[in-house]
Amino acid sequence: MSAAGILAGLFLLLALYCGLDPYQLSPLRGFPDFKAYRVDFAPWSQLTSAQDPENKLQRAEVRFLNQVQGPESVAFDPLGRGPYTGVADGRILFWNGESWSDFAYTSSNRSELCGPKPSPLAYTKNEHICGRPLGLRFDKKTGELYIADAYFGLMKVGPEGGLAKPLVKEVEGVPLMFTNDLDIDDDGAVYFTDSSSVFQRRNFMQLVFSGEHSGRLFKYDPVKMETTVLVRNLAFPNGVSLSKDKSFIVFSECTSGRLNRYWLKGEKAGTTDIFAVTPGIPDNVRTNANGEFWVGLHCRISLYAYVLGLHPRLRTFILRLPIPLKYHYMLYVGGRPHGIVAKFNVDGQIMEVLEDKQGKVVKSVSEVEEKDGKLWMGSVLMPFIAVF
């Protein structure tokens, strides 16, 4: 057989292998209706302009290593105690200054399935059973803790903790598939996000790869016990934070790498505009005492992610290849996990960027909570809390 014939045969076998995916390696296995959408990215130059040449996050202090698995959100109660944090096995833990203790949980089904595992990602398979608390906020007047559980919706628990009470599981007949973050105004109204009506949190990478826009922003009225849809058709909405004067909400859209603003007061009330372009994939948003917004970012948007985001057909073709999800993820984050946080002023202008480009200390950040001059950083992917 000629060399050309051998090459043709090898190409045919490779094509057959890729088409059949006999070892079920493609990230799209189990998603026959997967559809990719074009991502509404800002120009590339806007995504790469803000930098931290000193890699300041490498000077962050690692606390509670392997004591907390996947501490997405960090909260302090009205008396300043804490932190409290939700972890990968479905519990919400409280630090009393000496040790961690169980404070609350979102699922009544606490079995061996929710027992200790080696990493935050190891819990993903049973999250829908054990619960996965993400965003946490205390009502400063009542001391109640409100919880955005990815699977059980908007919940709350009293100041003494225990089993959380479900408040919202569906809106307009559509179940909450991926409840993510929240904030509370002075009247007790809760603003929260549902990241997708299609994908659950355990399939968050498929949600990112899809670019679909079924996410929503809500307002929950605790007096009337009614929930209103404020914004629809969002691409992976995530963090939520009220402005200091309560005139607007800032919420993130992970897929497109930006912050949006929903106006609550004034001539623009009820409308939405772009607040800022972020230098990476934004997660939770938190307002500090000065009215500035801290944003945790999982990573910078890589050129690979940017190009595929603009070309959904190419993205679908590549994702159907028999390449394990972890390799797609590494390409998506630019070759290595790396943490980054950014601070924005009330006008959406970026004020500061802190990062760890090599991921030596902080590999990912989901949230930044500023307290007493320190930044408390949690991450859904890390087994510790970083303090800077």
Is the number of heavy atoms from other residues, nucleotides or ligands within 6.0 Å of NZ (Lys219) greater than 12?
-> no
Could you list all the side chain to side chain donor-acceptor pair (under 3.5 Å) pairs where at least one residue sits in residues 162-172, not counting sequence neighbours?
-> Glu172-Arg232
Partners passing salt bridge (charged side-chain N to carboxylate O under 4.0 Å, His left out) against Asp149 (at least two apart in sequence or in another chain) | none
Those residues at least two apart in sequence (or on a different chain) that pass ring pair (Phe, Tyr, Trp, His ring centres under 6.0 Å) with Phe317 are none
Glu292: what forms a salt bridge (charged side-chain N to carboxylate O under 4.0 Å, His left out) with it, not counting sequence neighbours?
-> Lys343
Between Lys56 and Phe388, is NZ or CZ placed under 6.0 angstrom from the six-membered ring centre and within 45° of the ring axis?
-> no
Could you walk me through whether Asp185 and Lys246 pass the salt bridge (charged side-chain N to carboxylate O under 4.0 Å, His left out) test, one step at a time?
-> CA-CA 7 Å; Asp185 70 16; Lys246 307 299 189 290; over 6 Å; no
Side chain to side chain donor-acceptor pair (under 3.5 Å) filter on Gln349, not counting sequence neighbours, yields Asn345
Among pairs that include at least one residue of residues 297-314, which meet side chain to side chain donor-acceptor pair (under 3.5 Å), considering only residues two or more places apart or in two chains?
-> Asp283-His298, His298-Ser364, Arg300-Glu355
Quick one: closest heavy-atom pair of Phe384 and Val361, and the distance?
-> CZ-O, 3.3 Å
Go through the steps for Phe76 and Phe138 under the test ring pair (Phe, Tyr, Trp, His ring centres under 6.0 Å), then give the verdict.
-> CA-CA 8 Å; Phe76 296 85; Phe138 277 97; 9.3 Å; no
Quick one: does Leu182's side chain get under 4.5 Å of Val240's, heavy atoms only?
-> no
Would you sort out whether Asp187 and Lys141 count as a salt bridge (charged side-chain N to carboxylate O under 4.0 Å, His left out), showing the intermediate values?
-> CA-CA 9 Å; Asp187 297 322; Lys141 294 181 179 179; 5.0 Å; no
What's the verdict on side chain to side chain contact (heavy atoms under 4.5 Å, CB included) for Tyr151 and Arg202, showing C-alpha distance, side-chain angles and the deciding distance?
-> CA-CA 10 Å; Tyr151 299 89; Arg202 53 185 168 162; 3.3 Å; yes
Could you list the residues that satisfy salt bridge (charged side-chain N to carboxylate O under 4.0 Å, His left out) with Arg38, not counting sequence neighbours?
-> none
Check whether any side-chain heavy atom of Ser101 lies under 4.5 Å from a side-chain heavy atom of Leu93, and answer yes or no.
-> no
Closest non-hydrogen atom pair, Leu47 against Thr278 | CD2-O, 3.7 Å
Find out whether Ile301 and Tyr332 are in side-chain contact, i.e. whether some heavy atom of one side chain is under 4.5 Å from a heavy atom of the other.
-> no
Between the main-chain N or O of Gln206 and the side-chain N or O of Asn203, is there a donor-acceptor pair closer than 3.5 Å?
-> no
Those residues at least two apart in sequence (or on a different chain) that pass side chain to side chain donor-acceptor pair (under 3.5 Å) with Arg59 are none
With sequence neighbours excluded, what pairs up with Arg216 under the side chain to side chain donor-acceptor pair (under 3.5 Å) test?
-> none
For salt bridge (charged side-chain N to carboxylate O under 4.0 Å, His left out), just list the numbers for Lys374 and Asp372, CA-CA rounded to whole Å, side-chain angles, deciding distance to a tenth of an Å, and then say yes or no.
-> CA-CA 6 Å; Lys374 293 184 179 295; Asp372 300 332; over 6 Å; no
Write out all pairs satisfying disulfide (SG to SG under 2.5 Å) with one or both partners inside residues 122-200, taking only residues at least two apart or from two chains.
-> Cys114-Cys130
Would Thr255 and Glu253 count as having a side-chain donor-acceptor pair, cut-off 3.5 Å?
-> no
Ring pair (Phe, Tyr, Trp, His ring centres under 6.0 Å) with Trp95: of Phe103, Tyr84, Phe64, only one passes, and it is Phe64
Decide yes or no for Asn260 and Ile274: does some side-chain heavy atom of the first lie under 4.5 Å from some side-chain heavy atom of the second?
-> yes
All heavy atoms of Lys268 vs all of Asp273, minimum pair found to be NZ-OD2, 4.4 Å
Donor-acceptor pair between Glu127 and Gln200 side chains, under 3.5 angstrom = no
Carboxylate-amine/guanidinium proximity below 4.0 Å for Arg81 and Asp77 | yes
Heavy-atom pair of closest approach, residues Ser197 and Val174 | OG-CG1, 3.9 Å
Any donor-acceptor pair under 3.5 Å from Asp40 side chain to Ser256 backbone = no
Does the side chain of Ser195 pick up a donor-acceptor pair with the side chain of Asn180 at under 3.5 Å?
-> yes
Does Val231 share a hydrophobic cluster with Leu207, counting links as ILVMFWY side-chain heavy atoms below 4.5 Å and allowing steps through other members?
-> no
Please confirm whether Arg261 makes a cation-pi placement over Phe248, using NZ or CZ under 6.0 Å from the six-membered ring centre and within 45° of the ring normal.
-> yes
Is Leu308 close to Ile318 at the side-chain level, that is, under 4.5 Å between some pair of heavy atoms?
-> yes
Please check if Met155 and Ile92 belong to a single hydrophobic cluster, counting links between Ile, Leu, Val, Met, Phe, Trp and Tyr side chain heavy atoms closer than 4.5 Å.
-> yes
Side chains of Ser196 and Glu212: is there a donor and an acceptor less than 3.5 Å apart?
-> yes
Polar contact flag, side-chain donor to acceptor under 3.5 angstrom, Ser247-Asp245 | yes
Do you reckon Leu154 sits in the same ILVMFWY cluster as Ile184, going by side-chain contacts under 4.5 Å, direct or chained?
-> yes
Residues passing the side chain to side chain donor-acceptor pair (under 3.5 Å) test with Trp294, sequence neighbours excluded, are Glu370
Residue pairs passing the disulfide (SG to SG under 2.5 Å) test with at least one member in residues 314-357, sequence neighbours excluded, are none
So which of Tyr37, Phe204, Phe178 actually passes ring pair (Phe, Tyr, Trp, His ring centres under 6.0 Å) with Phe236?
-> Phe178
Do Met225 and Val223 sit in the same hydrophobic cluster, where Ile, Leu, Val, Met, Phe, Trp and Tyr count as joined when their side-chain heavy atoms come under 4.5 Å apart?
-> no
In the single-linkage hydrophobic clustering (I, L, V, M, F, W, Y; side-chain heavy atoms under 4.5 Å), do Ile281 and Leu310 co-cluster?
-> yes
Applying side chain to side chain contact (heavy atoms under 4.5 Å, CB included), run through Phe34 and Phe209 and close with a yes or a no.
-> CA-CA 10 Å; Phe34 178 88; Phe209 292 148; 4.2 Å; yes
